[in-house]
Amino acid sequence: QNVIDKFFTGDQHQEMSFSLTSLSQFLKYTYTKHITLTDECCTHGIEYGLGRQDSSYIETNETKTSVTCIECRYPTYLCDLIRTNIMNKTVDTQNDEMIQDAMNVTNDCCTKFRMFMAHRMRCKNQNESIGKIKDEMVERLIQSGGKDVQALMIVDFKIKFEPVSARETTLDHYGKRGIGWHGIHIMYFNLEDVEDGKDGKISKQPVQYSVYLDQVLEDGNKQDTICVVSLLDAALKQISYNIPSIKSIILQSDNANSYQNNFIICAIALLNASNTGHCVRIISFIHTETQDGKTVLDAHFARCMRFLNHFM
């Protein structure tokens with residue numbers, strides 16, 4: 001926008017500003033809905049864009065625009081239009097450096113646009129996969145007549161926060177390392193009798209439940225793999241005691257080093273072997289490497305901190 005304000009005036013400035021606003025709205029809101037699973041568009045077709053399958057596109061026989069749609073080419077088109085208009089303007093020699101800076105900014109924006117579109121495609125692909133997991137959980141529950149209850153367990157550490165005490169001074173507040181807070185969100189389905197609002201008939205339908213489990217570290221604030229294994233062990237025992245209907249768990253975490261390592265995978269096998277009496281096993285472990293915003297745990301942490309601050 002600063003480049004447009006500097007090099008465009010009048011109707012052309014208004015037109016370019018409106019185009020940039022439209023581009024911003026497209027990338028923020030429309031592009032995610034524009035992405036589909038099966039489409040031979042390299043910029044919004046997930047299977048083709050992420051290399052899941054081969055495409056009929058042959059580079060020697062087809063043009064570049066034949067594998068992209070007009071909507072996905074709009075960010076590149078707008079950047080090219082800005083660069084072309086800047087180069088066509090009459091510029092004094094003393095403003096060459098300013099022109100070069102504007103071109104560099106425009107090139108960087110064009111690259112960031114493509115990177116953002118690729119990121120949103122990976123996020124959509126990830127959400128589609130998690131959605132399939134939930135569908136499989138429901139299908140498995142229905143086929144077993146409500147006996148085989150599977151849960152999706154999301155784990156994450158809250159950012160360390162300083163201990164809070166009433167009327168603490170700055171001196172007392174200094175030098176504290178922070179408290180470790182581990183959050184767990186358990187999502188599962190139960191097969192229950194649900195009354196249809198239209199005809200009043202009662203039928204067995206899956207009902208979704210969400211349970212939060214907070215674990216606060218007492219004797220230390222390390223967030224290493226040993227700590228994660230201990231927290232998972234405690235969580236499995238707590239789940240088997242409070243929600244005995246859950247038989248298996250799909251574990252989901254982000255790409256933090258405390259979760260994404262080989263030791264955790266081996267430790268999960270040991271936890272399953274040691275918890276045979278509790279009848280709760282971790283059958284799958286997935287990493288949400290691509291982050292597309294705040295999770296349900298982030299919202300849970302924020303609400304808990306609100307009550308904590310209000311209490312203090």
Side-chain angles (χ1 to χ4, degrees), residues 29-30 32-38 46 120 123-156 158 181-215 231-232 234-254 272 275-288 290-308 310-311:
Y29 307 108
T30 310
T32 302
K33 301 178 181 179
H34 186 57
I35 300 173
T36 57
L37 184 62
T38 56
I46 293 178
R120 295 309 302 175
C123 291
K124 184 66 175 290
N125 175 62
Q126 177 177 279
N127 293 333
E128 290 284 343
S129 300
I130 295 176
K132 290 181 180 179
I133 292 176
K134 295 180 180 179
D135 294 338
E136 292 174 358
M137 291 169 55
V138 173
E139 183 179 358
R140 190 169 179 174
L141 179 68
I142 295 176
Q143 291 179 353
S144 64
K147 297 180 180 179
D148 191 0
V149 180
Q150 195 174 75
L152 177 65
M153 187 169 75
I154 305 174
V155 296
D156 193 12
K158 185 189 183 302
W181 185 348
H182 189 249
I184 297 176
H185 172 253
I186 306 164
M187 191 278 295
Y188 65 99
F189 294 90
N190 274 340
L191 202 61
E192 299 179 357
D193 294 330
V194 179
E195 182 179 355
D196 193 349
K198 296 182 180 179
D199 50 13
K201 293 183 178 180
I202 297 178
S203 60
K204 292 285 187 179
Q205 295 183 14
V207 179
Q208 180 176 334
Y209 288 91
S210 293
V211 179
Y212 291 94
L213 176 61
D214 293 295
Q215 300 172 317
L231 294 172
L232 289 178
L236 292 177
K237 289 181 173 60
Q238 192 73 22
I239 292 171
S240 63
Y241 179 78
N242 291 288
I243 317 177
S245 59
I246 297 178
K247 304 302 180 184
S248 58
I249 288 176
I250 298 175
L251 184 62
Q252 175 185 335
S253 70
D254 56 13
N272 290 335
N275 292 331
T276 53
H278 301 286
C279 301
V280 180
R281 299 173 65 251
I282 299 176
I283 62 173
S284 181
F285 188 19
I286 59 176
H287 294 288
T288 54
T290 308
Q291 300 296 319
D292 59 346
K294 299 297 182 181
T295 63
V296 290
L297 278 178
D298 293 315
H300 172 69
F301 288 144
R303 187 163 181 82
C304 289
M305 286 301 300
R306 176 186 175 188
F307 282 101
L308 179 61
H310 178 72
F311 172 77

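The structure displayed is predicted, hence computed values, not measured ones.
Distance check: Arg120 CZ to Lys33 NZ gives 12.0 Å after rounding to the nearest 0.5 Å. Expressed to the nearest 0.5 Å, how far CD1 of Ile184 lies from CG of Leu297 amounts to 8.5 Å. In this structure, the separation between CD1 on Ile142 and CD on Gln205 is 9.0 Å, given to the nearest 0.5 Å. Atom CD1 of residue Ile243 and atom CD1 of residue Ile249 lie 8.5 Å apart, to the nearest 0.5 angstrom. Rounding to the nearest 0.5 angstrom, the gap separating the CD1 atom in Ile186 from the OH atom in Tyr212 is 11.0 Å. Atoms CH2 and CG, on Trp181 and Leu308 in that order, are 6.5 Å from each other to the nearest 0.5 Å.
In this structure, the side chain of Asp148 does not engage the main chain of Ser144 through any donor-acceptor pair within 3.5 Å. Proximity of a side-chain donor or acceptor of Gln215 to a complementary backbone N or O of Leu231 within less than 3.5 Å is detected. Looking only at distances, no side-chain donor or acceptor of Lys247 sits under 3.5 Å from a matching main-chain atom of Val149. Listed for the Asn272 side chain is no donor-acceptor partner under 3.5 Å among the backbone atoms of Arg281. No donor-acceptor distance shorter than 3.5 angstrom exists from the side chain of Lys204 to the backbone of Glu192, with no hydrogens or angles considered. One N or O on the side chain of Ser240 and one on the backbone of Lys237 form a donor-acceptor pair closer than 3.5 Å.
By the 4.5 Å heavy-atom criterion applied to side chains, Leu141 and Met137 are not counted as neighbours. Contact check for His300 versus Arg303: no side-chain heavy atoms found under the 4.5 Å cut-off. With a 4.5 Å cut-off on side-chain heavy atoms, Glu136 and Gln150 do not count as touching. The closest side-chain heavy-atom distance from Ile154 to Val296 is below 4.5 Å. Looking at heavy atoms from C-beta onward, Asn242 lies in side-chain contact with Gln238 at the 4.5 angstrom threshold. Annotation: side chain of Ile130 is in contact with side chain of Thr288 (closest heavy-atom distance under 4.5 Å). Taking the side chain as every heavy atom from C-beta outward, Met153 and Ile239 approach each other to under 4.5 Å. In this structure, Gln252 and His287 have side chains that are not in contact, with every pair of non-hydrogen atoms separated by 4.5 Å or more.
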For Ile202 and Val194, run side-chain contact (heavy atoms from CB on, under 4.5 Å): C-alpha distance rounded to whole Å, both residues' side-chain angles, the deciding distance at 0.1 Å, then the answer. CA-CA 5 Å; Ile202 297 178; Val194 179; over 6 Å; no
Let me see the working for Asp214 and His182 under side chain to side chain donor-acceptor pair (under 3.5 Å), right down to the final yes or no. CA-CA 6 Å; Asp214 293 295; His182 189 249; over 6 Å; no
Working for side-chain contact (heavy atoms from CB on, under 4.5 Å), residues Ser203 and Asp193: CA-CA 5 Å; Ser203 60; Asp193 294 330; over 6 Å; no
With side-chain contact (heavy atoms from CB on, under 4.5 Å) as the criterion, how do Phe285 and Ser253 come out once you've worked through the C-alpha distance, each side chain's angles and the decisive distance to 0.1 Å? CA-CA 8 Å; Phe285 188 19; Ser253 70; 3.4 Å; yes
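The minimum heavy-atom distance linking Lys124 with Thr32 is given by the pair NZ-O, 3.0 Å. In terms of heavy atoms, Asp298 sits closest to Asp156 at OD1-OD2, 4.3 Å. When every heavy atom of Leu191 is checked against every heavy atom of Pro206, the shortest pair comes out as CD1-N, 3.7 Å.
Of the residues listed (Arg140, Glu139, Lys147), the one engaging Gln143 in a side chain to side chain donor-acceptor pair (under 3.5 Å) is Glu139, and it is the only one.
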